[in-house]
Amino acid sequence: MDLTTDYLGLKLANPLVPSASPLSKDIDSVRRLEDAGAAAIVMYSLFEEEVRAEDQFMDAYLYNQDIGHSEADSYRPVSVDYQTRTDEYLAHIFSLKRAVDIPVVASLNGVTTGGWIEHALELQEAGADALELNVYHVAADITQSGQDIEQMYLDVLTALRSQVRIPLVMKLSPYFSSVANMVTILEDSGADGVSLFNRFYQPSIDIETRAVSPELNLSTSQESLLAMRWIAILSGKVNITLAATGGVHTADDVIRMVMAGADVTHMCSALLINGPGYLGKVLAEVSGWLEENEYESIAQLKGCTSQQHALDPVAYERSNYMQVLNSYKP
Ligand SMILES: Cc1cc2nc3c(=O)[nH]c(=O)nc-3n(C[C@H](O)[C@H](O)[C@H](O)COP(=O)(O)O)c2cc1C
């Protein structure tokens, strides 16, 4: 069975790629994922806040030392061995590249352009095979327009594109007025792929204390339908990689996503719940299903039920909305 697929110009053995998660912090877990059949790995993110904080710390330290500022006396001397989060991240890419043979995708998480993005070049030098950019932006400023937000994505992409030669994949939120149009704009601006979709963690309110507290709930298979629809709509209309993230738990979820047109399917929650070895079970089931259904390759399956190829293309749009609602029997 030929399970190979193309991801950002890299030829992968199959479409199963663990997405950014704490599993990539541990080399042994990544080895277990590779042993189970993971075709590549996306690392946990290096956050803009972390990079900025340490850059500011170093600037303040060096500046105040330099001018002999009295406050400098209260600073602890920075040891020559001082390791920033960026240093740690770079060292981890380097170690992962030595530990496994699969492609390692580094991940940056931030919303602005500026100094922190210059570190992208270091990620490339450390051996990252590609770079995912997660613009986790909550549009809470009511004066900011949709166009401003789209421009922010483009600015970060353009700044990164000018830094690195490795492939770039943008992890997007589903909250654009026109997701599909945004993907085409990103393609035109130099993205090699999109990862659909970023999952926003919704804060809750503790009704006793009135504290606003973040809630981290893992996904279920049901959530995969959001990405599946948009991948089906985009498949065949753009030439960049379509990576599906969110709610991929079972072999059926993977098969559905590939039928819609996904080049790769990311997994996170399912692996956190079931452990790295679970990926092997899903992979074997995908392969078994293809065989039973007389497919010879993943390529043959890819996009067969995209909007362009579906028997009922309008089912991906508004047209069957009314029927769906009316089909519910209370
Ligand atoms: C504990 C945890 C940590 C995560 N860390 C990151 C991260 O560092 N960067 C990132 O882009 N996404 C991160 N994600 C998001 C996942 O990569 C993934 O996109 C999301 O969980 C949806 O996929 P799933 O339904 O398979 O879990 C994290 C998710 C979880 C649950």
Side-chain angles (χ1 to χ4, degrees), residues 7-8 15-26 29-30 33 36 38-51 85-86 88-89 92-93 96 104-111 116 119-120 123 128 130-138 153 156-157 160 168-175 191 193-203 214-231 241-254 256-258 262 264-276 278-279 281-283 286:
Y7 171 59
L8 308 169
L16 298 196
V17 178
S19 64
S21 88
L23 286 173
S24 57
K25 291 184 177 171
D26 175 43
S29 299
V30 178
L33 286 166
I41 177 108
V42 183
M43 287 175 69
Y44 61 95
S45 295
L46 179 63
F47 287 84
E48 174 178 356
E49 291 83 349
E50 295 172 316
V51 179
R85 286 282 293 133
T86 315
E88 276 169 27
Y89 196 85
H92 197 59
I93 297 178
L96 280 181
V104 173
V105 181
S107 165
L108 282 180
N109 203 312
V111 295
W116 76 282
H119 295 290
L123 305 182
L131 183 57
E132 182 171 88
L133 177 71
N134 182 347
V135 182
Y136 190 109
H137 177 66
V138 178
Y153 273 73
V156 186
L157 169 63
L160 274 178
L168 286 175
V169 52
M170 302 289 285
K171 190 170 186 177
L172 301 186
S173 95
Y175 305 122
V194 283
S195 182
L196 308 178
F197 288 108
N198 199 8
R199 193 159 177 260
F200 280 84
Y201 295 97
Q202 314 297 355
E215 299 240 318
L216 198 159
N217 299 310
L218 298 180
S219 69
T220 63
S221 275
Q222 185 59 26
E223 287 181 32
S224 67
L225 300 182
L226 175 68
M228 196 204 75
R229 164 186 288 203
W230 288 105
I231 286 176
T241 288
L242 297 173
T245 178
V248 178
H249 285 245
T250 64
D252 286 11
D253 298 334
V254 173
R256 230 178 263 123
M257 284 293 192
V258 175
V264 295
T265 55
H266 289 306
M267 294 174 89
C268 171
S269 292
L271 299 174
L272 292 175
I273 297 166
N274 301 299
Y278 176 71
L279 189 141
K281 177 177 180 303
V282 173
L283 187 58
V286 170

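Whatever order the structure lists ligands and atoms in, that order sets their numbers, starting from 1. One-based numbering along the sequence shown.
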- Note on the structure: Within the 4.0 Å heavy-atom cut-off, what Val42 brings close to ligand 1 is neither

- Note on the structure: shortest atom 21 (O) of ligand 1-to-protein heavy-atom contact is with Tyr201 OH, 3.5 Å

- For Gly247 and ligand 1, answer yes if some heavy atom of the residue is under 4.0 Å from a ligand atom, otherwise no. yes

- Message: With a heavy-atom distance limit of 4.0 Å, tell me whether Lys171 approaches ligand 1 through its side chain, its backbone, both, or neither.
- Response: side chain

- Any chance the side chains of Ser173 and Asn198 put a donor and an acceptor closer than 3.5 Å? no

- Message: To check your reading of the model: name the closest protein heavy atom to atom 8 (O) of ligand 1, its residue, and the distance in Å.
- Response: Ser45 N, 2.9 Å

- Task: May I ask you to check whether His249 and Ser219 show a side-chain donor-acceptor distance below 3.5 Å?
- Result: yes

- Task: Taking atom CD of Glu215 as the centre, report whether more than 12 heavy atoms of other residues, nucleotides or ligands fall under 6.0 Å from it.
- Result: yes

- Message: Does any N or O of ligand 1 fall below 3.5 Å from an N or O anywhere on Glu132, backbone included?
- Response: no

- Query: For the residue pair His266 and Tyr7, does the interplanar ring angle fall in the parallel (under 30°), tilted (30 to 60°) or perpendicular (over 60°) class?
  - Reply: perpendicular

- Task: Tell me which protein heavy atom sits closest to atom 2 (C) of ligand 1, plus the residue, atom name and distance to 0.1 Å.
- Result: Pro22 CD, 3.9 Å

- Message: Please list the nearest protein heavy atom to atom 27 (O) of ligand 1 with its residue and the distance rounded to 0.1 Å.
- Response: Ser269 OG, 2.6 Å

- Item | Flag, side chain of Glu50 to backbone of Thr86, donor-acceptor distance under 3.5 Å | no

- Could you walk me through whether Glu48 and Val111 pass the side-chain contact (heavy atoms from CB on, under 4.5 Å) test, one step at a time? CA-CA 8 Å; Glu48 174 178 356; Val111 295; 3.9 Å; yes

- Message: Below the 3.5 angstrom mark, is there an N/O of Ser19, backbone or side chain, next to an N/O of ligand 1?
- Response: yes

- Message: For atom 11 (O) of ligand 1, what's the nearest protein heavy-atom neighbour? Residue, atom name and distance, please.
- Response: Asn134 ND2, 2.7 Å

- Task: Measure the distance from atom 25 (O) of ligand 1 to every protein heavy atom, then report the residue, atom name and distance (to 0.1 Å) of the closest one.
- Result: Ser219 OG, 2.5 Å

- With side chains defined as the heavy atoms from C-beta onward, is the minimum distance between Leu216 and Leu218 less than 4.5 Å? yes

- Given side-chain contact (heavy atoms from CB on, under 4.5 Å), test Lys171 with Leu133 step by step and report yes or no. CA-CA 6 Å; Lys171 190 170 186 177; Leu133 177 71; over 6 Å; no

- Is any side-chain heavy atom of Tyr44 less than 4.5 Å from a side-chain heavy atom of Ser19? no

- Protein heavy-atom partner closest to atom 16 (C) of ligand 1 - residue, atom, separation in Å: Ala20 O, 3.3 Å

- Query: Considering only heavy atoms, does Phe200 approach ligand 1 within less than 4.0 Å through its side chain, its backbone, both, or neither?
  - Reply: neither

- Task: State if Arg199 counts as touching ligand 1 under the rule of any non-hydrogen atom under 4.0 Å.
- Result: yes

- Query: Under 3.5 Å between some N or O of ligand 1 and some N or O of Thr245?
  - Reply: yes

- Query: Side chains of Val254 and Val282: does their closest heavy-atom pair fall under 4.5 Å?
  - Reply: yes

- Item | Numbered atoms of ligand 1 (with element) below 4.0 Å of Leu218, judged on heavy atoms | 31 (C)

- Item | Options Ala270, Cys268, Ser24, Ser195, ranked by nearest heavy atom to atom 26 (O) of ligand 1, top entry | Cys268

- Task: Please work out which of the three classes, parallel, tilted or perpendicular, describes the rings of Phe200 and Tyr175, given edges at 30° and 60°.
- Result: tilted

- Item | ligand 1-proximal atoms of Asn198, by part, heavy-atom distance under 4.0 Å | neither

